[in-house]
Amino acid sequence: EKGGYDWFMLKEIDEQPHALADTLRGRLTDSGEIMLDEVRLTDQDLRDVDKIFIVACGTSFNTGLVAKYAIEHWTRIPCEVELASEFRYRDPVLDRSTLVIVISQSGETMDTIMALRHAKGQKARVLAICNTNGSTIPRESDAVLYTRGGPEVAVASTKAFLTQLAACYLVGLHLAQVRGVKYADEVGAVLAELQATPDKVARLLSEMTPVRQLARDLSAAPTVLFIGRHVGYPVALEGALKLKELAYIHAEGFAAGELKHGPIALIDEGTPVICVVPSPRGRSILRDKIVSNIQEVRARGARTIVIAEEGDLDVAQFADDLIYVPATPTLLAPLMTAVPMQVLAAEIAATRGHDVDQPRNLAKSVTVE
Ligand code: M6R
């Protein structure tokens with residue numbers, strides 16, 4: 001059932017274009033409207049929302065961190081992201097006009113279930129973004145948007161991440177449309193770009209041979225650091241999570257601007273630093289800032305592995321290794337930049353002789369608090 005792959009994870013990585021298309025299917029009309037009727041929240045419910053919390057664990061939490069950038073930008077509704085295991089223990093301010101979005105692949109993560117129950121107890125409305133039909137989280141939520149990613153067998157989440165991102169984009173754009181949009185033109189353009197992402201991910205996946213080579217080079221590294229800004233920051237966290245969980249290598253993700261506040265002391269001769277560079281076509285200030293962060297770590301001996309947008313030729317001079325991803329609008333870029341990190345982690349784990357699908361000490365679904 002691995003369909004010719006050595007590991008389910010590799011199969012699931014390759015299923016991402018298809019899974020992403022399934023998440024989007026039927027939810028976008030040709031006229032650019034987002035149809036989320038299945039979600040069972042009325043337009044009035046959505047207009048009443050004055051605050052959003054996104055609550056999740058692990059990779060699903062990293063999805064939430066990306067979603068915050070998109071949702072706040074498009075809707076202008078304040079949006080907080082919180083680890084489910086922390087949320088209910090700190091008395092968050094919740095009421096009827098709070099929308100709590102819980103994200104879970106399995107729908108059975110106990111930390112997330114307990115957070116959802118806490119939110120409902122405080123009368124907040126709960127929308128689940130979930131991959132597993134009929135699981136506990138969608139059953140207990142007021143509304144659900146299924147990601148339709150298909151079964152994810154490997155413990156490490158891959159297609160769940162991309163499909164959750166797509167679902168969050170749909171929710172953000174839908175909220176923006178229902179409430180009247182400040183960035184109407186931008187929303188229309190993003191919708192068209194979202195439709196194009198499955199094909200772009202497919203093309204990206206066909207270009208992973210250099211990433212596999214890089215994995216062999218990095219397999220003995222004692223530590224690997226990941227840096228990003230804006231939506232590239234959660235992608236850095238996700239890249240580090242994958243590497244820790246699969247390769248058992250110390251890995252940390254940082255907001256690139258934080259390096260100088262401490263973590264840059266970790267950089268030693270040859271320390272690999274994976275750098276997520278935003279599009280040069282977007283907010284160029286963001287790109288310029290990370291380019292100077294890359295120069296800073298390189299000056300201290302780091303081996304810079306740069307993930308950048310195709311066509312960004314200028315960045316090559318700062319990269320010891322360069323991985324290009326297809327061009328997308330900044331907010332959608334995590335759908336591209338996360339992919340080489342998944343392949344890298346899986347290949348490093350395989351090179352080190354680990355069980356890629358069942359890493360030590362972990363379970364697919366964490367049903368204890
Ligand atoms: O099923 P969930 O999305 O609720 O699971 C949350 C985390 O346990 C999960 O994403 C975990 O971090 C993965 N193993 C990461 O690859």
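Whatever order the structure lists them in is the order used to number ligands and atoms, beginning at 1. Quick caveat, the model's predicted, so the values are computed rather than measured.
The pair K200-E193 meets the salt-bridge criterion, with a side-chain N (NZ, NE, NH1 or NH2) lying under 4.0 Å from an Asp/Glu carboxylate O. Between K11 and E152 there is no salt bridge, since none of the side-chain N atoms of the basic residue sits less than 4.0 Å from a carboxylate O of the acidic one.
Note that R298 lies outside the cation-pi zone of F318, set by a 6.0 Å cut-off to the ring centre and a 45° limit from the axis.
The protein residues lying under 4.0 angstrom from ligand 1, judged by non-hydrogen atoms, are C57, G58, T59, S60, S104, Q105, S106, T109, V155, A156, S157, K242, E245.
Between F87 and F53, the ring center distance clears the sub-6.0 Å criterion.
Screening K242, Q164, E245 for a side-chain hydrogen bond (donor to acceptor under 3.5 Å, both in side chains) with T59, the sole residue that qualifies is K242.
For residues 331-346, no residue pair satisfies the salt bridge (charged side-chain N to carboxylate O under 4.0 Å, His left out) rule, not counting sequence neighbours.
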